[in-house]
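To start, the structure under review is shown below, and the notes come after it.
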Amino acid sequence: MTALKALYGGTFDPVHYGHLKPVEILANLIGLSKVIIMPNNVPPHRPQPEATSAQRTEMLKLAIADKPLFELDERELRRDTRSYTSETLREWRQEQGPTQPLAFIIGQDSLITFPSWHDYESILGNAHLLVCRRPGYPMAMKDEAHQQWLDRHLTNSADDLHRTPAGKIYIAETPWFNISATLIRERLQQGESCDEMLPQAVLRYIQEKGLYQ
Ligand code: ATP
């Protein structure tokens with residue numbers, strides 16, 4: 001059996017435990033040996049990040065320095081165009097060949113909005129979707145057609161993810177972490193503590209550079 005490889009995209013402005021902890025647990029649950037973190041350049045659905053690409057990368061490096069599960073891929077940051085997940089996954093699929101099982105990791109909030117993503121059907125054509133639970137977001141899709149789409153692709157078998165190259169959606173029973181980058185930025189701006197929310201090394205970097213003030 002070929003090992004399942006997973007990509008984890010996001011803005012990571014800044015990276016926090018709500019990103020890292022569910023994914024570490026997910027990796028144990030389904031047998032993932034590598035998770036490739038890919039920070040995005042100009043995220044199509046979002047306002048621009050506050051930290052620069054170089055600063056977001058530096059914070060990710062500090063966060064994963066002692067975690068061999070994670071690897072960093074800076075390809076989206078090197079582009080000057082918008083980074084669409086569908087294009088990145090198409091490129092990754094070409095590199096990995098047609099039979100390699102590939103997955104893209106998202107939080108529950110991203111699953112709800114997923115059908116509004118650019119060329120979303122092709123994402124599942126190239127990878128599975130692995131979903132981590134996140135507090136405050138519904139489990140059901142907003143409309144019936146999207147719910148049917150979800151039901152068609154859902155699996156609760158981790159073996160399925162290893163046996164097929166793409167096309168399944170797996171909702172993992174990961175614990176809830178009530179942390180978001182927005183909350184961290186707001187707390188830092190108000191001078192409130194974020195000690196439990198992100199790695200100490202990242203927090204030190206934020207303080208040294210005077211970010212999110
Ligand atoms: P912001 O608050 O700025 O919107 P964020 O905390 O949601 O940021 P992103 O970098 O946008 O972080 O998220 C990258 C990925 O991580 C997304 O798929 C998102 O759903 C997921 N994610 C972020 N925080 C959590 C969390 N607390 N639990 C589960 N998944 C999360």
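Worth saying up front: this structure is predicted, and the values here are computed from it rather than measured. Ligands are counted one by one from 1 in listed order, and the atoms in each one are counted from 1 as well.
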Item to check | For Gly10, atoms of ligand 1 separated by under 4.0 Å from a heavy atom | outcome: 10 (O), 14 (C)
Checklist entry - If we ignore angles and hydrogens, is there a donor and acceptor under 3.5 Å between the side chains of Asp151 and Gln147? => result yes
Checklist entry - Would Leu203 end up clustered with Leu183 when hydrophobic side chains under 4.5 Å apart are linked, directly or stepwise? => result yes
Checklist entry - Are any of the N or O atoms of Cys132 closer than 3.5 Å to those of ligand 1? => result no
Next on the checklist: Check this for me - ligand 1, Arg185, N or O atoms closer than 3.5 angstrom, yes or no?
Outcome noted: yes
Next on the checklist: Could you tell me, atom by atom, which parts of ligand 1 come under 4.0 Å of a heavy atom of Ala181?
Outcome noted: 1 (P), 2 (O), 3 (O), 5 (P), 6 (O), 8 (O)
Checklist entry - ring pair (Phe, Tyr, Trp, His ring centres under 6.0 Å) with His128: which residues, sequence neighbours excluded? => result none
Next on the checklist: Are any of the N/O atoms on Ile106, whether in the backbone or the side chain, positioned under 3.5 angstrom from an N/O atom of ligand 1?
Outcome noted: no
Checklist entry - Nearest to atom 7 (O) of ligand 1 by heavy atom, Arg56, Arg134, His16: which? => result Arg134
Item to check | Any Asp13 heavy atom less than 4.0 Å to ligand 1 | outcome: no
Checklist outcome for this item: Contacts satisfying salt bridge (charged side-chain N to carboxylate O under 4.0 Å, His left out) that involve residues 84-102 (not counting sequence neighbours) are Arg75-Glu91, Arg75-Glu95, Arg79-Glu91, Arg90-Asp119
Item to check | Worked check of side chain to side chain donor-acceptor pair (under 3.5 Å) between Gln96 and Lys5 | outcome: CA-CA 10 Å; Gln96 299 290 328; Lys5 294 185 185 175; 2.9 Å; yes
Checklist entry - Counting heavy atoms only, which part of Trp176 comes closer than 4.0 Å to ligand 1: side chain, backbone, both or neither? => result neither
Item to check | Test of proximity, Phe12 against ligand 1: N or O pairs below 3.5 Å | outcome: yes
Checklist entry - Are Phe177 and Leu69 co-members of a hydrophobic cluster defined by side-chain heavy atoms under 4.5 Å apart? => result yes
Checklist entry - Does Gly9 reach ligand 1, in the sense of a heavy atom lying below 4.0 Å from it? => result yes
Next on the checklist: Please list, in number order, the atoms of ligand 1 under 4.0 Å from a heavy atom of Arg133.
Outcome noted: 28 (N), 29 (C)
Next on the checklist: Whether Asp13 and Arg56 form a salt bridge (side-chain N of Lys/Arg under 4.0 Å from carboxylate O of Asp/Glu) is what I want to check.
Outcome noted: no
Item to check | Lys209, NZ: over 12 other non-hydrogen atoms inside 6.0 angstrom | outcome: no
Checklist entry - For atom 27 (N) of ligand 1, which candidate among Thr85, Val131, Ile179 provides the closest heavy atom? => result Ile179
Next on the checklist: Less than 4.0 Å is my threshold; does some heavy atom of Tyr8 fall inside it relative to ligand 1?
Outcome noted: yes
Checklist entry - Would you say Thr52's side chain and Gln55's backbone share a donor-acceptor pair under 3.5 angstrom? => result yes
Next on the checklist: Give the atom numbers and elements of ligand 1 that come within less than 4.0 Å of a heavy atom of Thr11.
Outcome noted: 9 (P), 10 (O), 11 (O)
Next on the checklist: Is there a polar contact, in the sense of an N or O pair closer than 3.5 Å, between Phe177 and ligand 1?
Outcome noted: yes
Item to check | Contact atoms of ligand 1, heavy-atom distance to Thr182 under 4.0 Å | outcome: 1 (P), 2 (O), 3 (O), 4 (O)
Checklist entry - Do the ring centers of Trp176 and Tyr137 come within less than 6.0 Å of each other? => result no
